[in-house]
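Here's the structure we're looking at; comments come further down.
Every chain is numbered from 1 and lettered A, B, ... according to where its sequence line falls, protein lines coming before strand lines.
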Amino acid sequence: MLDISLCLKRPSWLVDSKRMRMTSDFQWLLLTVLLLYLTNQVNSQEKRTLPDLKCVTNNLQVWNCSWRVPSGAGRGAAYEVCIENRSHSCYQLEKDIKIPPLLPGDYEITVNPLYGFGSSKSKFILNEKNVSLIPETPEILNLSADFSTSTLHLKWNDKGSVFPHYSNVIWEIKVLRKKNMEIVKLVTYSTTLNGKDTVHHWNWTSDMPLECAIHYVGIRCYIDDPQFSGRKEWSNWSLLKNISWPPDSQTEVFPQDRVVLAGSDITVCCVTQERVLSAQIGSTHCPLIHLDGENVAIKIRNISASASSGTNVVFSVEDNIFGTVVFAGYPPDIPQKLNCETYDLKEIICTWNPGRPTSLEGPRSTSYTLFESFSGKYSRFSGNKVSTNESYQLFFQILPNQEIYNFTLNAQNLLGQTESTLLINVTEKVHPRIPTSVKVKDINSTAVTLSWHLPGNFTKIKLLCQIKINKTNSEHELRSVTMRGVESSNYLTTVDKLNPYTIYTFRIRCSTDPFWKWSKWSKEKQYLTKEAIPSKGPDTWREWSSDGRNLIIYWKPLPINEANGKILSYKVSYSSDEETQSLSIPDPQHKAELQLDKNDYIISVVAKNSAGLSPPSEIASMEIPNDDLKIEQAVGMGNRILLTWNYNPNMTCDYVIKWCNSSQSEPCLMDWKRVPSNSTETVIESDQFRPGVRYNFSVYGCRNQGYQLLRSIIGYVEELAPAVAPNFTVEDTSADSILVKWEEIPVEELRGFLRGYLFYFEKGERDTSKIMGLESGRFDIKVKNITDISQKTLRIADLQGKTSYHLVLRAYTGAGMGPERSMFVVTKENSVGLIIAILIPVAVAVIIGVVTSILCYRKREWIKETFYPDIPNPENCKALQFQKSVCEGNGALKTLEMNPCTPNNVEVLETRSVAPKIEDTEIISPVAERPEDSPDTEPGNHVVVSYCPPVIEEELASSGAEEGGGASQVIYIDVQSMYQPQAKPEEELDSDPVGGAGYKPQMHLPITSAVDDLDADDDLDKTAGYRPQANVNTWNLVSPDSPRSTDSNSEIVSFGSPCSINSRQFLIPPKDEDSPKSSGGGWSFTNFFQSKPND
Amino acid sequence: MPPSLPVPCLRGFCTSPHNPQAPFCLLTLLLPPLSLGAPISTAESINQAYNLALDMQIQTSALLQIYLEHQGTPFSDPNFSSPGLSLRTLPSTDMPFEIWHGLEDGEHLSLTQKAFWSFSQHFQLAKDDQSDLNPGHSIVVDQLEEARLKAKGLAGNLAGIMTALDLPTPPANTPLGSVPLGDSVFERKCRGYVIIRDYSFWTDRAVTFLGELKAKYSE
């Protein structure tokens, strides 16, 4: 066997051509013979029997050949195998043979059973193509896991030392998960065999945390040897190795605090002994993936970027929750706007913008490192110190003798890293700090020294500084200054060309050469320059007082740029040919009043400040008269007004225009303005000007001797409409005209040049007429435009008499109409018409009266017959015949005197309750009736009166209607005549009419009141016999309708007035002295219509 | 400032977040009454402790709400609750009411004092956790710091009351040892939640107990 092994080894070297040369010829021949023999044997076997020889190699150095043992051969049968090649080689073997690899080609192999087992000799033909290369089963040296990263680490040995030459090897690795060994990963891995044993590593990161389930790993290989022509096959799988999380009773969730890329997928599992009910990420519930036991997992796809506190993944069991926090974010963005500069050439400050937020904060935030490649130094940024404006910065100390810096800014977080680079020359990137300690010192009134401090080491460079000079009410001025840099020191410069006594504000900023950036402006430093003497004398004017005795000198305060300091006082001097006098006026006062004796004086005014006196301003006192002076008008615009005048060659010095408010009394001066002598116009502008105010402008020309008033102008900078309406009154009114007079509007109220008046009038009453829209041109409104402003009256003619007119008056200026004032006037009545209107009806009435009278006169007989026939005389009536003595008594005896008549009607009056009843009483006499009256019967009852009413046909008509078919004949009794025949009988004249016995006239019955009743009763007891019916008082009491006397003056109490016998209305009401109604006495027409007398 | 000054810390005064004098007010509440020389009556001490506990009780719900709002869902979900979570280093909330009610005042004071001392230390933990977790949201950290100070102050007040009542002085306050539930961010979030939740339980208990004690000693 040792020999064979020797022989087996050597052929492997034969493959190498170099080594082949080193073998001995003997060995070469021997092996050749052996191979030829084996080849022949194989060929002979093929020829005779099908070969069962199978040769396999796993390292290409030894072929392991085996054949099927004949059924008759027992165990331990031995064979002699001979290979026919160049050297015939034979081996005694039992079952299989290990032979060295043969060169390409066929080799006969002869197998002879030994010891005579009866088998025949077999021959096989062997070729390399029939040999299979099956590598040895690989062995996993180590399988480990990094649970934090869910990574498996596999380690194995390729055992390359056993292979004779370089070969490519393909490894196949499989990862199985869970106890049921689900393949989760199958991967190939290529290496090369280099003749040495090499340990290989393979890492695999699981998408599921390794803690969630057990993981198995197996490996096999495939050797792809290009020189081997036989069949190549995969090796067997290695023994599986596994990784599992140590079992624990506690529930745990994996992975914990994992930082993942936003948008990626992640699997989270819960290792537990309890039953998991649900799982959720954020507020989203996820389906459970069941693993071994009660373990579950969820797969989160495309996870969103987390908030600061991360994204919670929670597994809920029955009464508890378990979870983990996933931080989904982004790797750092490339640092943007990286800029490195220095403030002071001592330290470099680099700033940058982090770019897109990573959504990772706190311990997971991005860390930055600033690395300088020339020096190899670096500076690190702590992620917690984030600047407020999201700009990061790092400081780097400047190194001596190094000006060029190559910076690399590295940004890194758990998801990745980026970097940005910058190469700078630090001397060109100087951004000086803000200058401090700015100080100013005087040199003179127009120059100062300015100093400031600038921190930094600028010894090697130049500084360029700017000085911003601000003066009140003027634009700022920039001045630049270049200076050598020094080491943290003060810098000094001179600022000249300043104005005296002026407040300046200085600010400074600096940069370096070459320019990179300006520093910020320093704080303002305010400084007042020194005073100088006033550069000019004050502008002067003079006015004579109203009495012409005093001259008032006015001067304007010097502007600050001419005063050159604080003006302390003014010196006013006036000199004539004879004398010179002066006086000092303190500053706030800008005028002086001088008493001059009419001489021509030259007045000079000098301003004084602490630095000295100004040049004098001189003005002559004399005023040259001007006879040809007219007052003109002018209107300006806004707050300015243009004044012009003719060129006058006599005016040798300036023109002066002075103005004042026209309402002020003289001497009046608001302001003045000097205009050069060659000017013919100027614009007067003043903030004091107000619209609607009248100003007087005076243009003076200046000669050597004095000033002459050239023009006097009244003007407005802007006209306004009048503020008030003109007061107007009506002077005279007639039937067809009105004379109106108005007053002038005061200048203050006029507010412009008066252009005229507008007078409106229309018919209308107060409160009913209102002139609306005066400008709208209503037809019923008449308008008169009075453009003659001197006119103050207006007569309005052609008006209607006794008509109310509405008058309105308005004034207008160039700016428009003023307010209106209105008045209502009624024209007088037309008297002729009135007279005619009265006289005509009167005349007509008179004529009608006259005609009627004439007619009545002429027809009086007829009228009398018709309307007033003769009344029969009762005396002729026997029934009514009284004794003569009775009827012809004293006239004072007021008894009924019956005329001799023949009554044809008698009215019988009953009590009020009984309707009047008119009967035909042709024959019945009242006397005949009376005896039948009961003595107790009231006098009002059953009184029969014959009476004669006045002529009232209407009454008759109504009576006739009431009576129906009753007596229509009316008997009129002349009252006066009726009385006379009924005069009291003479017997009664001497006797008391009450106390007397016998017949008593009715009117004397005193039945008026209760007392009277008593008296009457007494009287009744005393009297007997006939009781007269007529008693006024009785009528009063008993019947309101009873007639009363109307003759109050008469002592004779009448029975009543004549009344219609058909009417109960008394035509002549009785007199009642107590009643005011009757106080008027006489016959009142109103009494006639009185339907019911007062009770 | 002498402790015998009238307590200006009315409820509305101290609880107003915009009150510029709130820090001084809080300082007054937290002053251990016996650490200063001037004596203070027992009733006043109890009243002061009661007012502080009352203020803490009012602030607790806001503290819990702000805390949970900054932890993300499901913590920030409305009505979030997880009774299964617990922290063994926290004062126990398991004691049945009957047993608690049957304890003497001294035992009540002792247990409550220990509880709030423990809470003050746990709040420190929670505050550190949130500083890492929510560096941009200082309101959570500020609220936890305020709760820590108040818990510490109440523990001091209770110790003072015990001394005033001649009860055994509470043992020296020992530092908090290792606290579980701190291995992961999720556990730290839960830990903060449990601390505030149990703190709420104990503030309720303290208000009730101190209210009774106040009534007893004000008679």
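Checked against the 6.0 Å centroid threshold, B/Tyr193 and B/Tyr67 do not count as a close aromatic pair. Aromatic pair A/Phe407/A/Phe371: ring centres not closer than 6.0 Å.
Scanning for side-chain contact (heavy atoms from CB on, under 4.5 Å) contacts around B/Lys127 gives B/Gln124, B/Val141, B/Leu144, B/Glu145, with sequence neighbours left out.
Side-chain atoms of A/Val184 and A/Ser206, non-hydrogen and from C-beta on, never get closer than 4.5 Å to each other. At a threshold of 4.5 Å between non-hydrogen side-chain atoms, the residues A/Thr311 and A/Phe327 do not count as touching. Proximity of A/Arg177 to A/Ile214: side-chain heavy atoms (C-beta onward) are nowhere separated by under 4.5 Å. Contact check for B/Phe116 versus B/Met56: side-chain heavy atoms found under the 4.5 Å cut-off. Using a 4.5 Å heavy-atom threshold, the side chains of A/Leu152 and A/Ile243 count as touching.
Taking a cutoff of 4.0 Å between a charged side-chain nitrogen and a carboxylate oxygen, B/Lys189 and B/Asp129 do not qualify as a salt bridge. Under the 4.0 Å criterion applied to side-chain N and carboxylate O atoms, B/Glu212 and B/Lys216 are not assigned as salt-bridge partners.
With a 4.5 angstrom heavy-atom cutoff, A/Glu318 does not touch chain B via any of its atoms. When heavy atoms are compared at a cutoff of 4.5 Å, A/Phe322 approaches chain B solely by way of its backbone atoms N, CA, C and O. When heavy atoms are compared at a cutoff of 4.5 Å, B/Ser184 approaches chain A by way of both its backbone and its side chain.
Of all residues spanning residues 71-79 of chain B, those with a heavy atom less than 4.5 Å away from chain A's heavy atoms are B/Gln71, B/Gly72, B/Thr73, B/Pro74, B/Phe75, arranged by number. Residues of residues 85-107 of chain B lying under 4.5 angstrom from chain A, judged on non-hydrogen atoms, are B/Leu85 in numerical order. Close approach to chain B, defined as a heavy atom under 4.5 Å from one of its heavy atoms, is seen in A/Gln256, A/Asp257 of residues 251-277 of chain A, taken by number.
Remark: side-chain polar atoms of A/Ser308 are paired, donor with acceptor, to backbone N or O of B/Leu133 under 3.5 angstrom. In this structure a side-chain-to-backbone donor-acceptor pair under 3.5 Å is missing from A/His285 to A/Ser283.
Other residues, nucleotides and ligands place more than 12 heavy atoms under 6.0 Å from the NZ atom of A/Lys178.
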Q: Dump the intermediate steps for salt bridge (charged side-chain N to carboxylate O under 4.0 Å, His left out) on B/Glu146 and B/Lys150, then the final yes or no.
A: CA-CA 6 Å; B/Glu146 187 179 334; B/Lys150 287 181 177 175; 2.9 Å; yes
